[in-house]
Protein chains: 2
Amino acid sequence: MKVNPYSALRTLATVTSQPIRQPKPQTAPRAPRRDALRNDAIVINAARAVFAELGPQASMETIATRAGLGVGTIYRRFPGKDALLDAIARLLTEEIDQAAAAALEDPDPGAGLERFLEFVGAFHAEKRRYAAALTDRVADDDAVSARTADRVLRLTQKAVDAGYLTQGVTADDIKALIVALRGVVAASPDGDDAPWRRFLRIHLTGLRAD
Amino acid sequence: MKVNPYSALRTLATVTSQPIRQPKPQTAPRAPRRDALRNDAIVINAARAVFAELGPQASMETIATRAGLGVGTIYRRFPGKDALLDAIARLLTEEIDQAAAAALEDPDPGAGLERFLEFVGAFHAEKRRYAAALTDRVADDDAVSARTADRVLRLTQKAVDAGYLTQGVTADDIKALIVALRGVVAASPDGDDAPWRRFLRIHLTGLRAD
DNA sequence: TGTTAAGGTGAATATGGATTCCGCTTTGGA
DNA sequence: TCCAAAGCGGAATCCATATTCACCTTAACA
C-alpha cells in the first residue's frame, strides 16, 4: 500500500517547526506550461490524421509517433483512447454545427439546406475511414449536440415553409439522409465524390416531390 | 527447429523391414464423420447468432461456447476468425441473391424491385451489429457476387423499361440505395423498422420522378 | 467387435495493443 | 539563476484475444 504523501509532509513540518507557506486555498497554483497547451492540439490533430488514414483501430503508438510525442504524453491529457475519440467526436460535432449555423444565414432556405448537406457529404468523405466509430460518442443531450439538432430542425422548417421541401418532411428525414450519405460515402472508392452527390440529388428530389 | 515426422517413420520402417500398407493413391480414404458434417453448420449458425448479438468483435471463445463445441473444433474447419466471417459473408450474399432471383420472377417489375429492396432493408436490420464488417469480404468477381450484380442490373433495367423508374436510373443507383439503407438501419434504434421504410419510400419517389 | 484415422478438446502459448510508471527534462516564478 | 512542480518519454506491464497442439473420443470400415 502507498503512503499518503501529505500526512508525511505535515509530520515533517511539525518536527522542524518550519513555517509552511500555505498556498491560498482556491488560488490557481501555477500557469500551465506552454508546451503542454501546445501538445493538447498537436495530439488531437495527429489523432485525426492517423484515424483518417488507418481507421479507428490505429494504435496509440502510431498516433504518438505522428505527433512526435511519447505515448505517455497522450495519456497525461486523455484518460485513454476512448476519451480521445470522444474529444474528436465533440470537435467534429462543433464543425457540423458551424455549417448548420452558416446555412441558416442563407436568405434562400432551399439553397442553405443544400449547402449544408453538401458540406456533410464532403465532411464524411474526408472521414470515411472512421466516421462510423464516432456515432454515439456525443450524447444527444450534450450542449453542442442539442444546439445542432435545433439548428437542423429550424433549417428543415424554413425549407418546408419556403416550399422547397414537401409539407410533412421532418428534421428526422434530414438526419436519416445524413447517415445514409455516410453509408454511400463509405461504400464508394476513396476520393470519388460523384456517387454521394448523385445520391443526394436523387433523394432531395424525393423530398421535394408531392 | 522441428523434425519432420515423416522421415522418422520412414526410418523406422526400413529398420524393421515391415511391409507398409500403401493406401491406393487416389482412393477416397474414408467417408467424413457425421458429427463433423453437422458441426460445420453448427459453427456457422452459432457465429451468425453471436455476431448479430455482440458484433464482429465477439470472441472465438464465445462462439465456441454458443456452439457447444471447443475452440479447437472451429479452427479445424476454418483457418481463423477472418475465414469464418468470409464464409458468413458468402452465405449472406447467397441469400441476397435468392431474393434478387425471386424479385425477377415478379411479373410487375416495379413490385419486384420494391419487394427486393424491402428484403434488403429487413436483412440489414437483422444484421445491424455486424453488417458493416461484411463489406469487401466477397470479391466482386466472385461467382455469387457477380451473379447477384447481374440480377440487380436486370431488375433495374426491367423497372426502367416498365416505366417504374425514371429513364437514366442505373444499377449503381440501386446499389447506392442499398448501402444507404444500411446506414439508416445502423443509426436507428434496434427493432424499429419505420425509419428505413420511410427513407426507402422517399428515395424511391426520387428515383421515379422525372 | 477391433482397429484406426478423422475429429474434438481446451489448456498453453503467441500476439498485439492499451495503459502504467518512474526517472529525466523543461518551464514558471521568486 | 535556482527550485520545485508540471510535463515528457518510452520501456515494462498487463490484458484480452486469437491460434496452436498434444492427447483423448468417436465413428467408419473390415
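Every chain is numbered from 1, with letters handed out A, B, ... down the list of sequences.
- Relative orientation of the B:Y130 and B:F51 rings is tilted, given thresholds of 30° and 60° on the angle between their planes.
- The residues B:R154 and B:E105 are annotated as not salt-bridged, no charged nitrogen and carboxylate oxygen being separated by less than 4.0 angstrom.
- A salt bridge links B:R48 to B:E95: at least one charged side-chain nitrogen sits closer than 4.0 Å to a carboxylate oxygen.
- D:dT19 atom C1' lies 13 Å from atom CG of B:D82, rounded to whole Å.
- Taking A:R201 as the reference, A:E114, A:E118 meet the salt bridge (charged side-chain N to carboxylate O under 4.0 Å, His left out) condition, with sequence neighbours excluded.
- For the pair A:Q57 CD and D:dT17 P, the interatomic distance rounds to 16 Å; values are reported in whole Å.
- A:N39 contributes no side-chain N or O that, together with a main-chain N or O of A:A36, makes up a donor-acceptor pair within less than 3.5 Å.
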Under 3.5 Å, side-chain donor or acceptor atoms of residues 120-128 of chain A against the rest of the protein: list the pairs with distances, not counting sequence neighbours.
| unit_1 | atom_1 | unit_2 | atom_2 | d |
| --- | --- | --- | --- | --- |
| A:R128 | NH2 | A:V185 | O | 3.3 |
| A:R128 | NH2 | A:S188 | O | 2.2 |

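- Distance CD1 (B:I63) to C1' (D:dT17): 12 Å, rounded to an integer number of Å.
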Below 3.5 Å, can you tabulate the donor-acceptor pairs from side chains in residues 84-92 of chain A to any protein atom, sequence neighbours excluded?
| unit_1 | atom_1 | unit_2 | atom_2 | d |
| --- | --- | --- | --- | --- |
| A:D86 | OD1 | A:R137 | NH1 | 2.9 |
| A:R90 | NH2 | A:D142 | OD2 | 2.5 |

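- Nucleic acid contact for A:A58: sugar-phosphate only, since backbone atoms but no base atoms lie under 4.0 Å from a heavy atom of the residue.
- Between the CZ atom of A:F78 and the P atom of D:dC8 there is a distance of 12 Å, rounded to whole Å.
- For A:M60 and D:dG9, the CE to P distance is 14 Å, given to the nearest whole Å.
- Nearest to the side chain of A:R30, among C:dG29, D:dC29, C:dA18, sits C:dG29.
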Between A:R66 and A:E53, is a salt bridge (charged side-chain N to carboxylate O under 4.0 Å, His left out) present by the stated rule, with each step listed? CA-CA 12 Å; A:R66 172 73 67 105; A:E53 219 166 272; 3.1 Å; yes

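- Shown here are the side chain to side chain contact (heavy atoms under 4.5 Å, CB included) partners of A:A187, two or more places apart in sequence or in another chain: B:V179.
- When the nearest nucleotides of DNA chain D are assigned to B:P56 and B:R38 by heavy-atom distance, the more 5′-ward of the two goes with B:P56.
- In the helix from C:dT1-D:dA30 to C:dA30-D:dT1, the rotation axis of the first five pairs and that of the last five pairs differ in direction by 20°, rounded to 10 degrees.
- Here A:Y75 reaches the OP1 or OP2 of C:dT19: one of its side-chain N or O atoms lies under 4.0 Å away.
- The NZ-P distance, from A:K81 to D:dC15, rounds to 18 Å in whole Å.
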Reading nucleotides 7-12 of chain C 5' to 3', which nucleotides get B (base under 4.0 Å from a protein heavy atom), which S (sugar-phosphate only), which -? BBBBB-

